[in-house]
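Reading through the structure tokens given below for one structure.
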Amino acid sequence: MSFTNDEMNLMCIYNSGGTREGLIAELREMRGYLQEDETELLSLTDSALRKLEAITESEYAELDLFPDFT
């Protein structure tokens with residue numbers, strides 16, 4: 001599964017628990033606070049969630065979750 005740079009940065013920000021399930025929970029919670037007009041962030045969050053839900057714990061463990069804001 002290939003995550004975009006923006007998805008990786010978003011996941012780095014919300015990866016407080018260090019687990020795939022924890023990150024999914026954090027992203028879902030954050031998504032609940034978004035407004036309808038925040039379409040780009042909604043789309044980015046939904047895309048990251050879909051990909052996270054599709055990977056295994058071992059695949060998640062291989063992700064390099066360090067922000068790259070370049």
Side-chain angles (χ1 to χ4, degrees):
M1 185 70 51
S2 178
F3 291 93
T4 67
N5 189 53
D6 288 340
E7 290 167 341
M8 291 294 288
N9 286 333
L10 181 69
M11 293 188 304
C12 288
I13 293 167
Y14 287 94
N15 189 33
S16 61
T19 66
R20 185 179 69 88
E21 288 300 321
L23 177 54
I24 289 171
E26 291 291 326
L27 288 174
R28 284 184 180 153
E29 181 179 349
M30 176 274 292
R31 192 188 186 290
Y33 293 104
L34 297 177
Q35 302 297 313
E36 289 180 23
D37 64 341
E38 295 177 284
T39 56
E40 187 174 336
L41 188 51
L42 282 165
S43 177
L44 179 64
T45 304
D46 289 344
S47 176
L49 282 167
R50 276 191 305 275
K51 291 177 182 180
L52 281 168
E53 291 166 348
I55 65 173
T56 65
E57 289 294 335
S58 61
E59 289 171 319
Y60 173 79
E62 292 177 15
L63 293 177
D64 187 18
L65 290 178
F66 295 99
D68 178 13
F69 297 116
T70 58

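Heads up: numbering here begins at 1 and tracks the sequence.
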E59/R20 under side-chain contact (heavy atoms from CB on, under 4.5 Å): CA gap, chis, key distance, verdict | CA-CA 10 Å; E59 289 171 319; R20 185 179 69 88; over 6 Å; no
Check the pair L65, F3 against side-chain contact (heavy atoms from CB on, under 4.5 Å), reporting the backbone distance first and the verdict last.
-> CA-CA 11 Å; L65 290 178; F3 291 93; over 6 Å; no
Mind checking side-chain hydrogen bond (donor to acceptor under 3.5 Å, both in side chains) for Y14 and listing every partner two or more places apart, or none if nothing turns up?
-> none
Which residues satisfy the side-chain hydrogen bond (donor to acceptor under 3.5 Å, both in side chains) test with S47, sequence neighbours excluded?
-> E7
Answer yes or no: is there a donor N or O on one side and an acceptor on the other, between the side chain of K51 and the main chain of S2, under 3.5 Å?
->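 Yes, K51 side chain to S2 backbone: donor-acceptor pair under 3.5 Å.
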Distance check, rounded to the nearest 0.5 Å: [X] atom [atom1] versus [Y] atom [atom2]?
{"X": "M8", "Y": "I13", "atom1": "CE", "atom2": "CD1", "result": "12.0 Å"}
{"X": "T45", "Y": "L10", "atom1": "OG1", "atom2": "CG", "result": "5.0 Å"}
{"X": "Y60", "Y": "L23", "atom1": "OH", "atom2": "CG", "result": "5.0 Å"}

Residues two or more places apart in sequence or in another chain: which of them pass salt bridge (charged side-chain N to carboxylate O under 4.0 Å, His left out) with E62?
->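 E62 satisfies salt bridge (charged side-chain N to carboxylate O under 4.0 Å, His left out) with no other residue.
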Could you list the donor-acceptor pairs under 3.5 angstrom formed between side-chain atoms of residues 25-34 and any protein atom two or more places apart in sequence or on another chain?
residue : atom : partner : partner atom : Å
R28     : NH2  : E53     : OE2          : 2.3
R31     : NE   : D46     : OD1          : 2.4
R31     : NH2  : D46     : OD1          : 3.4
R31     : NH2  : D46     : OD2          : 3.0

Inter- and intrachain pairs under salt bridge (charged side-chain N to carboxylate O under 4.0 Å, His left out), touching residues 9-18, at least two apart |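 Of all non-adjacent pairs touching residues 9-18, none passes salt bridge (charged side-chain N to carboxylate O under 4.0 Å, His left out).
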Keeping to residues at least two apart or across chains, list the salt bridge (charged side-chain N to carboxylate O under 4.0 Å, His left out) pairs with something in residues 8-18.
->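 Passing the test, one end in residues 8-18: no pairs.
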Compile the donor-acceptor pairs under 3.5 Å between side chains in residues 36-44 and protein atoms, sequence neighbours left out, one pair per line.
residue : atom : partner : partner atom : Å
E38     : OE1  : Q35     : N            : 2.6

Check the pair N5 / N9 against side-chain contact (heavy atoms from CB on, under 4.5 Å), numbers first and verdict last.
-> CA-CA 6 Å; N5 189 53; N9 286 333; 3.6 Å; yes
